[in-house]
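Note on naming: letters A, B, ... go to the chains in the order of the sequence lines (proteins, then strands), and numbering restarts at 1 for each one. No experiment lies behind these values; they were computed from the predicted model shown.
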Number of protein chains: 2
Amino acid sequence: MADVARRAGVSMATASRALSNHPHVASQTRARVLAAAEQLSYVISPEASRLAGGVTGRVAVVVPHIARWFFATLLEGLEWVLRDAGLDVLLYHVGDATDRRDFFQRLPARRKVDAVVVVGMPIRDEERDRLELMGVHIVAAGGQVENYPYVAIDDLSAGRQAVDHLLFLRHRRIGMIAAVDPAEPGWPATPGRTLAYTAALAEAGLPADPDLVVTVPWGGLSGADAMSRLLSLRDPPTAVYAHSDEVALGAIRTLRRAGLRIPEDMSVIGIDDHPMAELADLTTIAQPVHDQGRLAGRLLLSLLAGEPGGGGVTVPTHLVVRGSTAPPRV
Amino acid sequence: MADVARRAGVSMATASRALSNHPHVASQTRARVLAAAEQLSYVISPEASRLAGGVTGRVAVVVPHIARWFFATLLEGLEWVLRDAGLDVLLYHVGDATDRRDFFQRLPARRKVDAVVVVGMPIRDEERDRLELMGVHIVAAGGQVENYPYVAIDDLSAGRQAVDHLLFLRHRRIGMIAAVDPAEPGWPATPGRTLAYTAALAEAGLPADPDLVVTVPWGGLSGADAMSRLLSLRDPPTAVYAHSDEVALGAIRTLRRAGLRIPEDMSVIGIDDHPMAELADLTTIAQPVHDQGRLAGRLLLSLLAGEPGGGGVTVPTHLVVRGSTAPPRV
DNA sequence: CAAAGGATTGGAAGCGTTTCCGAGCACGCA
DNA sequence: TGCGTGCTCGGAAACGCTTCCAATCCTTTG
């Protein structure tokens, strides 16, 4: 930068002001500095800038899965907004429980970012305490985390939409394939989707048959297994509600292999509106995943701008009727 | 850090050495410093550290798509290795052509990283020139880029495996659905996969019928459209080779809607071994995507360690036979 | 037993910006 | 014409660490 200043015939102070777009710099001077910088193809050193300035211009994004459609898509939306605002995205993947413990213990992002976005992972109390240590803004996306500003769908409502649709079609024996995070067994990632099922059945005056509920780790193959279990019942359901489209697609494979027709012999509904759902003609509850990322990004930006930034945003979901659901055969 | 040094009763120089694991520090002293740091819950300021030290401890990863399975999975493997090595991952998504131009023009990662990994995107000459300006190591993953160390599959060979399998099954009229990047129309992302088709047919002494080749932007729905086009031919193929599994899955949807049976009426083969391929019982050429990310990470690490690091790594692909291919009906 | 050599430590000079504090200056108003 | 005001701009002090250079001390060898 000294070179630039010299070439422009100004002091470093002025050069700095001109380059970082500060006021109180004569436009002519600014032009001269910018020209000099251009000629020397000079770019500011972020390290030094941050050291002196205080902010880092970076945001940490913490995701439990990268390769899954939901997370990757949300990340895409988020990155889009943040990059647009000139912020850099530091990606942290916390896969299994070990990773996770390690992440919250070591806090590798500490002092490296101005804010943290946790994507689709419930945060435990002790983890929240660790996170607080970073002393930066925190936003949750794709899954509510109490006490943090969040952007998410209402899982309970989404689940209700799915089950209510099956009930509306006059299904009376409805199975559920509940998906849990493989990395966190026993810890329902989306309790709302389970609650929705029991609540909807209860409201419809239907008995709660535990045989109709199968809980499996998330994933297509798990869904296939779960469907096998349901088909092995003495009195199988006429419709199945899966916690996610991937699981539902797995279930469909089993049904197809069993020679059952969809939807004539069995209705299937999922949640997400995964791109594959369209290809597989799967009825589902759509959620705006990309938007959730974008909104979380905006929420974060307003927080960084010092605006109050309310509690959270719940984005709507809606039923997408395709060919995998129909009234049961009488 | 001054606080830590004071508390440990040493100079800042020693504190720095102890904290950054340098040699020539008495183990007792080191322990004292670490304890002091622990008590003050002190973490080093990366900015200051980088400023003084020179390296940034960060790697830029440039991807043209985040949400697609291939890219996200590769990224997952890559992140895993880099994080393990204590490097932070700075994610840059360059989506459409505008993004792309902007990225190479502005080089937002400049001076922020020690290395760059470009994932699955061919780099043009002028783009390479810009990249060189960053003056850091560059590695390509999931798609060869001449002049850079790379990790990738051999598209030509993968394509040959696919088409040869269909030929082996005695198909003589084989269609191809070629996928191009929607963001870069007219620029074949994987020319090798196309070359493989023409070469294999030529070797088998089969005529090259341009009607049998349909080129569409990447994606499931495009694949569905492409299949429709093939089905509308006066003399449709008996087997279809798709450049990727997603496209193949789209093709399958069309076949199913048309009431055709797979593989009896039409064989379909893809490339990738996407998780959905297993669910859809799709024969495919599997490539180790996660591994490509990991290997690229290792390659980068060895480069950063100053090792020579040869030209590139080609990872093998292999045929996975499932239920979507069979000999043609006679 | 003395000198050489290696381990350990401290002092201090950067690393490249930002920003506070003033100084210089032109302009407008009384 | 004299003086206050608001821009511009330069000097220099941080920002928090790393590392070169010496100095000190302990150990080993002739």
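- Put simply, Arg111(A) has no side-chain N or O that comes within less than 4.0 Å of OP1 or OP2 on dC15(D).
- When all heavy atoms are compared, the tightest approach of Pro288(A) to Pro316(A) is CD-O, 3.3 Å.
- Close to dG10(C), at under 4.0 Å from its OP1 or OP2, lies a side-chain N or O of Thr14(B).
- Comparing dT9(C), dT8(D), dC17(D) by their closest approach to the side chain of Ala26(B) singles out dT9(C).
- The separation between Glu47(B) atom CD and dT18(D) atom P is 13 Å, rounded to whole Å.
- Across all strands shown, Arg50(B) has no heavy atoms under 4.0 Å from either base or sugar-phosphate atoms.
- Using a 4.5 Å heavy-atom threshold, the side chains of Asp3(A) and Tyr42(A) count as separate.
- At the phosphate of dC17(D), neither OP1 nor OP2 sits under 4.0 Å from any side-chain N or O atom of Ser49(B).
- Dashed line: the shortest gap from a side-chain N or O of His22(A) to OP1 or OP2 of dT19(C) is under 4.0 Å.
- Atom pair Gln28(B):CD and dA7(C):C1' shows a separation of 14 Å (rounding to whole Å applied).
- In the set dC9(D), dT17(C), dC17(D), dC17(D) carries the atom at the smallest distance from any side-chain atom of Ser45(B).
- The interatomic distance linking Arg32(B) (CZ) with dG10(C) (C1') rounds to 14 Å, in whole Å.
- Applying the 4.0 Å criterion to OP1 and OP2 of dC17(D), one finds that Ser20(B) has every side-chain N and O outside that range.
- Note: NE2 (His24(B)) to P (dT27(D)) measures 17 Å, nearest angstrom.
- Considering only side-chain N and O atoms, Ser16(B) lies under 4.0 angstrom from the phosphate OP1 or OP2 of dT18(D).
- For the pair Met134(A) and Val113(A), the minimum side-chain heavy-atom distance is below 4.5 Å.
- In this structure, of dC20(D), dG16(D), dT17(C), it is dC20(D) that holds the atom nearest to the side chain of Arg17(B).
- Here dT17(C) presents its C1' atom at 7 Å from CD1 of Ile44(A), a figure rounded to the nearest Å.
- Checking Arg30(A) against Gly53(A), the closest nucleotide of DNA chain D that is more toward the 5' end is the one next to Arg30(A).
- Salt bridge status for Asp88(A) with Arg58(B): absent, with no side-chain N to carboxylate O gap under 4.0 Å.
- Among the protein residues, Ala13(A) comes within range of the nucleic acid bases, having at least one heavy atom under 4.0 Å from a base atom.
- Counting to the nearest Å, the C1' atom of dG16(C) and the OH atom of Tyr42(A) are 7 Å from each other.
- Distance CZ (Arg110(A)) to C1' (dG16(D)): 15 Å, rounded to an integer number of Å.
- Met1(A) has its CE atom 8 Å from the C1' atom of dT18(C), to the nearest Å.
- Residue-to-nucleotide proximity on DNA chain C shows that, of Ala52(B) and Gly9(B), the 5′-proximal contact is made by Gly9(B).
- Of the options Asp84(A), Val81(A), Val59(A), a side-chain contact (heavy atoms from CB on, under 4.5 Å) to Leu301(A) is made by Val81(A) and by none of the others.
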